[in-house]
2 protein chains.
Amino acid sequence: MGVTKTQVFTDKQNRIADLAKALAHPARVAIIQHLLKEKSCVCGDLVEVLPLAQATVSQHLKELKQIGILHGEINPPRVCYCINETVWQEAKAIFGEIFESDVEVACCN
Amino acid sequence: MGVTKTQVFTDKQNRIADLAKALAHPARVAIIQHLLKEKSCVCGDLVEVLPLAQATVSQHLKELKQIGILHGEINPPRVCYCINETVWQEAKAIFGEIFESDVEVACCN
DNA sequence: CGATTCAATCGTAAATATACGATGAGAATT
DNA sequence: AATTCTCATCGTATATTTACGATTGAATCG
């Protein structure tokens, strides 16, 4: 995605960006929605739900794991993915904080 | 960023992803935070606040405009950027909806 | 009119992201 | 031991993102 000079931004700004990236692709949105709906860890049937190749789904899952929103548990022969409660609350708080600020309508006058 | 098969996802999933993209880069987070803090439209001094070149800032602003979160008003010789109230509420509602779902802790059992 | 100022756009380089087929690793089953 | 199943990873092609300098366009100011 280009270089992104992360050093020149605050830790919080970088964290917000990372958490937003988790939702910044429709496939990852779909994965998260599915995990929320099922209320429990869902395994490789994500591949069947999503219209993407298995390798692609696995890649998205890896990204979500790196951000921290998901964690996977090996449960042979399957792997279960669950939303990480702690990080989920972190994201909820961070986005809540951003959007609680009300916007002044009067502007550019 | 690769190809992103947007056709195979729902409109809503694509919209969520687009709105998340607005926050998916620390520079854009900084821009939005600044506009929220100033409560009014701020013009080209964003370039001074951000440690990025003028062309880069302009590019981020363009992206935010395309998503709809910002709109710019020419106010010669400057251009004022404001947060689009309507889209802001849309984003607030969408992220609120996602994060209101509580996560089951018991998982992978 | 000429100079200046602000911001968008162009052109470009480099890094990432997205997607997929193919292959590999690990465990259970036959 | 061979097969099967599930999932991660490798390799790769292509598109997009990020960033910047340089240029252009529009408008004000001297």
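To find a chain, count down the sequence lines: A is the first, B the second, and so on, and within it residues start at 1. Computed over heavy atoms, backbone and side chain alike; hydrogens, waters and symmetry mates excluded.
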- Query: Does any N or O in the side chain of A:Q13 come within less than 3.5 Å of the main-chain N or O of A:T10, such that one atom is a donor and the other an acceptor?
  - Reply: yes
- Message: Can a donor-acceptor pair be found, under 3.5 Å and without considering hydrogens, that links the side chain of B:N84 to the backbone of B:V87?
- Response: yes
- Message: Which residues in residues 6-19 of chain A have a heavy atom closer than 4.0 Å to any atom of DNA chain D?
- Response: none
- Query: Atom NZ in B:K5, atom NE2 in A:H25: separation rounded to 0.5 Å?
  - Reply: 10.5 Å
- Starting from C1' on C:dT5, measure out to CD1 on B:I74 and report it in whole angstrom. 15 Å
- Task: Figure out the CD/C1' separation between B:E48 and C:dA7, and round it to whole Å.
- Result: 13 Å
- Item | Nearest-0.5 Å distance, NE2 of residue A:H71 to SG of residue A:C80 | 10.0 Å
- Check the distance between D:dA19's P and B:K62's NZ and give it to me in whole angstrom. 16 Å
- Item | Residues forming a ring pair (Phe, Tyr, Trp, His ring centres under 6.0 Å) with B:F99, sequence neighbours excluded | A:W88, A:F95
- Message: Nearest whole Å is fine: how far is D:dT6 P from A:R78 CZ?
- Response: 5 Å
- For the pair made of CG in A:L61 and C1' in C:dA19, what is the distance, rounded to whole Å? 14 Å
- Message: Applying a 4.0 Å non-hydrogen cut-off, can you work out what A:A53 is touching in the nucleic acid: base, sugar-phosphate, or nothing?
- Response: sugar-phosphate
- Query: Between C:dA7 atom P and B:L52 atom CG, what is the distance in whole Å?
  - Reply: 15 Å
Distances for protein N or O near nucleotides 14-18 of chain D N or O, under 3.5 Å:
residue : atom : partner : partner atom : Å
D:dA15  : N3   : B:M1    : N            : 3.3
D:dA15  : N3   : B:G2    : N            : 3.2
D:dT16  : O4'  : B:M1    : N            : 2.3
D:dT16  : N1   : B:M1    : N            : 3.2
D:dT16  : O2   : B:M1    : N            : 3.0
D:dT17  : O2   : A:M1    : O            : 3.2
D:dT17  : O2   : A:G2    : N            : 2.7
D:dT18  : OP2  : B:R28   : NH1          : 3.0
D:dT18  : OP2  : B:E63   : OE1          : 3.3
D:dT18  : O4'  : A:M1    : O            : 2.7
D:dT18  : O3'  : A:T4    : N            : 3.2
D:dT18  : O3'  : B:H25   : NE2          : 3.4

- Would you mind reading off the distance between A:N75 atom CG and C:dA27 atom P, rounded to a whole angstrom? 13 Å
- Nearest 0.5 Å, what's the OG-CG distance between A:S58 and A:L52? 12.0 Å
- With the threshold set at 4.0 Å, does a side-chain nitrogen-carboxylate oxygen contact exist between B:E90 and B:R15? yes
- Group every Ile, Leu, Val, Met, Phe, Trp and Tyr by side-chain heavy-atom contacts under 4.5 Å, then state whether A:I74 and A:V47 land in the same group. yes
- Message: Just to verify, which of A:L70, A:L61, A:L23, A:L64 counts as forming a side-chain contact (heavy atoms from CB on, under 4.5 Å) with A:R28?
- Response: A:L64
